[in-house]
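The structure appears right after this line, and notes come after that.
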Amino acid sequence: MPSNTPVINDAELLEAARVSKAWPFEEARKIVERLEKEGAAADRVVLFETGYGPSGLPHIGTFGEVARTTMVRHAFETLAPGVKTRLLCFSDDMDGLRKVPTNVPNQEMLANYINMPLTKVPDPFGTHPSFGEHNNARLRAFLDSYGFQYEFASSTDYYKSGRFDATLLKVLEKFDAIMDIMLPSLREERASTYSPILPVSPRTGHVLLVPLVSRNVEKGTVSYEEPDTGEIVEVPVTGGHCKLQWKADWAMRWAALKVDYEMAGKDLIDSVKLASRICRTLGVNPPEGFNYELFLDQEGKKISKSKGNGLSIEDWLRYASPESLQLFMYQAPRTGKRLYFDVIPKNVDEYLSFLTAYPKQAVKERLGNPAWHIHAGNPPTEELPISFSLLLNLASASHSEDKDVLWGFIRSYAPDATPERFPRLDHMVGYAINYFHDFVKPSKVYRAPSEIEKIALADLAEALEKAEPQTSAEELQNIVYEIGKTHGFENLRDWFRALYETLLGEAQGPRFGSFIALYGVKETVSLIRRALAGEDLSRG
């Protein structure tokens with residue numbers, strides 16, 4: 001639905017952006033200061049970068065880095081109108097496969113390709129020429145479907161095409177200085193064999209983790225001992241004959257491409273510091289950026305591409321909209337958050353709340369509203385008649401996985417609502433059915449009401465039967481509230497929990513008055529009577 005929100009004029013927008021406390025603007029102001037310090041030319045292009053290691057399937061954290069960087073990019077374009085920007089999504093697909101991911105097929109086959117560049121490892125899924133290309137394609141497909149504006153870059157292409165050659169020769173020239181930076185950060189055993197330059201064996205194709213025997217800056221070559229034969233082999237550092245160890249590679253990329261902004265996870269703080277020092281050694285200022293907290297799975301462990309724990313992008317989009325996923329990425333990026341299925345409903349409803357609030361806000365408030373950043377400054381105007389949590393409880397109470405049935409309830413509650421008028425709501429109905437089927441239905445546990453609860457439920461059924469047909473959700477909530485008070489529930493939360501557990505088979509739920517209004521007074525009375533009669537409500 002197109003936006004009908006009053007347009008903010010450019011002067012108001014710029015003034016608000018300069019003082020906004022929203023984190024994308026705080027980050028964007030660092031880039032503005034960077035350009036001012038260097039006295040940037042009018043035709044200067046600001047380069048944002050995100051990095052991806054395709055050693056495992058792309059996970060939701062990879063999407064998060066692109067989404068957050070896109071938010072900073074748009075905030076910068078608001079602060080610096082007319083300055084050109086680019087977003088480069090860089091895949092380190094020439095890296096060697098160091099271990100076999102546990103969440104892919106044909107793992108025994110992959111074990112034969114340890115240390116091979118990812119673009120030389122066969123695709124275990126059989127859909128692409130290599131494992132690296134498979135993972136790249138999966139990431140690009142989602143980024144494209146969401147509409148991100150970016151350029152994709154392959155490490156293999158950049159190394160082999162010669163785009164990194166000049167900077168690789170600089171790395172060779174500054175080898176000793178880079179070693180001085182790296183060695184103190186390494187354990188003794190690793191330090192004894194460490195080299196920032198990793199030869200690619202002409203014999204095996206492996207990206208070798210071996211010390212160098214000698215270096216020739218004039219020729220632009222390095223020599224090493226071939227592990228299997230003991231032969232001394234000389235290879236150029238250019239043209240894809242060598243690959244840099246990842247921290248040095250990161251710094252080399254920043255220097256070669258003149259990257260202005262790149263964020264990274266909190267676990268890479270020390271790596272960012274080392275790469276920044278190497279970048280300065282190569283004669284280039286490292287990019288601006290910040291460190292975000294890591295996503296955790298249901299057990300509080302860091303999510304991992306190789307383990308496949310936590311949610312995938314496809315998982316989230318089965319149960320909720322891309323915008324709700326964007327909100328999850330926007331909120332508190334420096335705070336560690338569980339990334340599991342139970343966070344989805346809350347994020348859907350919070351996104352809808354921000355969307356509803358946006359048109360009524362002053363310009364400064366709008367720039368702090370996540371909807372502004374999710375929709376690049378132009379959120380749609382849409383106020384839905386019901387929340388996602390209510391839809392879930394409707395599916396739960398009706399035991400229906402039929403969109404038409406759920407829409408029947410919705411139209412009774414909001415007669416003007418149709419799938420055509422509210423396409424976002426129609427999508428939400430589908431998401432709610434999927435979520436109910438996969439998570440709510442298998443975990444529903446009904447209990448019989450206690451004697452005190454039976455008396456209260458019977459009185460609630462009688463009170464609802466006396467309610468007028470057009471009784472509002474708020475009035476219905478008051479009826480439920482008064483019944484709880486009348487029957488001596490010291491903590492009314494116990495009363496509402498009893499309603500959820502005996503009628504819906506869940507430990508918590510929505511405002512019960514809103515649920516009654518949506519499900520229907522007659523239907524709710526019937527549900528109560530069935531519970532009092534001892535029927536098995538899990539059978540629908």
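All residue numbers in this chain count up from 1 along the given sequence. Side chains included, hydrogens not; waters and symmetry mates left out as well; all remaining heavy atoms used.
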- prompt: Would the number of heavy atoms belonging to other residues, nucleotides or ligands and lying under 6.0 Å from CD of Glu465 be above 12?
  reply: yes
query: Below 4.0 angstrom, N of the basic side chain to O of the carboxylate: do Glu490 and Lys485 qualify?
result: no
message: Please check if the number of heavy atoms outside Arg493 that lie under 6.0 Å from its CZ is greater than 12.
response: no
query: Are Arg86 and Glu151 ion-paired here, with the side-chain N under 4.0 Å from a carboxylate O?
result: yes
- prompt: Around Gln508, counting heavy atoms of other residues, nucleotides and ligands shown, do more than 12 lie under 6.0 Å from its CD?
  reply: no
- request: Answer yes or no: are there more than 12 heavy-atom neighbours, outside Leu492 itself, under 6.0 Å from its atom CG?
  value: yes
The single option from Phe25, Tyr358, Trp23 passing ring-ring contact (aromatic ring centres under 6.0 Å, His included) against His373: Phe25
- request: Inspect the surroundings of NE2 in His399 and state if more than 12 heavy atoms from other residues, nucleotides or ligands are less than 6.0 Å away.
  value: yes
task: Enumerate the residue pairs fulfilling salt bridge (Lys or Arg N to Asp or Glu O under 4.0 Å) with a member in residues 123-145, sequence neighbours excluded, ordered by first and then second residue.
output: Arg138-Glu314
- request: Assess the pair Phe354 and Tyr351: is the distance between their ring centroids shorter than 6.0 Å?
  value: no
- request: Report yes if some heavy atom in the side chain of Val72 is under 4.5 Å from a heavy atom in the side chain of Met263; otherwise report no.
  value: yes
query: Yes or no on side chain to side chain contact (heavy atoms under 4.5 Å, CB included) for Lys454 and Leu532, after CA distance, side-chain angles and deciding distance?
result: CA-CA 7 Å; Lys454 284 180 181 179; Leu532 291 172; 4.0 Å; yes
field: Salt bridge flag under 4.0 Å for residues Glu27 and Arg68
entry: no
query: Could you give all pairs that pass the salt bridge (Lys or Arg N to Asp or Glu O under 4.0 Å) test and reach residues 432-446, with sequence neighbours left out?
result: Arg318-Asp438, Glu401-Lys441, Lys444-Glu506
- request: Go through the steps to decide whether Tyr113 and Lys120 satisfy the test side chain to side chain contact (heavy atoms under 4.5 Å, CB included), and finish with yes or no.
  value: CA-CA 8 Å; Tyr113 291 89; Lys120 294 293 185 182; over 6 Å; no
message: Quick check on the 6.0 Å ring-centre criterion: do Phe148 and Phe63 meet it?
response: yes
query: Can you name the side chain to side chain contact (heavy atoms under 4.5 Å, CB included) partners of Leu294, sequence neighbours left out?
result: Asp267, Lys302
task: Determine whether the aromatic ring centres of Phe341 and Tyr319 lie less than 6.0 Å apart.
output: yes
- request: Could you tell me if the ring centre of Tyr519 sits under 6.0 Å from that of Phe409?
  value: yes
message: Does this structure show an ion pair linking Arg334 with Glu293, if we count only N-O contacts that are shorter than 4.0 Å?
response: no
- request: Would you indicate whether Asp10, at its atom CG, is surrounded by more than 12 heavy atoms from other residues, nucleotides or ligands within a distance under 6.0 Å?
  value: no
field: Flag side-chain contact, heavy atom, 4.5 Å: Phe422 against His427
entry: no
Full working for side chain to side chain contact (heavy atoms under 4.5 Å, CB included) between Glu26 and Phe290: CA-CA 10 Å; Glu26 291 179 342; Phe290 85 120; over 6 Å; no
field: Enclosure of Glu462 CD (heavy-atom neighbours >12, cutoff 6.0 Å)
entry: yes
field: Electrostatic pair Glu350-Lys346, nearest N-O below 4.0 angstrom
entry: yes
task: Could you give me the CA-CA distance, side-chain angles and deciding distance for Ser324 and Trp316, then say whether side chain to side chain donor-acceptor pair (under 3.5 Å) is met?
output: CA-CA 9 Å; Ser324 64; Trp316 188 292; 3.0 Å; yes
- request: In plain terms, say whether Lys403 and Asp426 are close enough for a salt bridge, that is, a side-chain N and a carboxylate O under 4.0 Å apart.
  value: yes
message: Checking Ser154 against Asp93: is there a side-chain donor and acceptor pair closer than 3.5 Å?
response: yes
message: Check this for me: does any side-chain nitrogen of one of Arg447 and Glu501 sit under 4.0 Å from a carboxylate oxygen of the other?
response: yes
- request: Test Tyr150 against Leu88 for side chain to side chain contact (heavy atoms under 4.5 Å, CB included), laying out the working first.
  value: CA-CA 6 Å; Tyr150 71 99; Leu88 191 68; over 6 Å; no
message: Tell me whether Tyr446 at atom OH has more than 12 heavy atoms from other residues, nucleotides or ligands lying less than 6.0 Å away.
response: yes
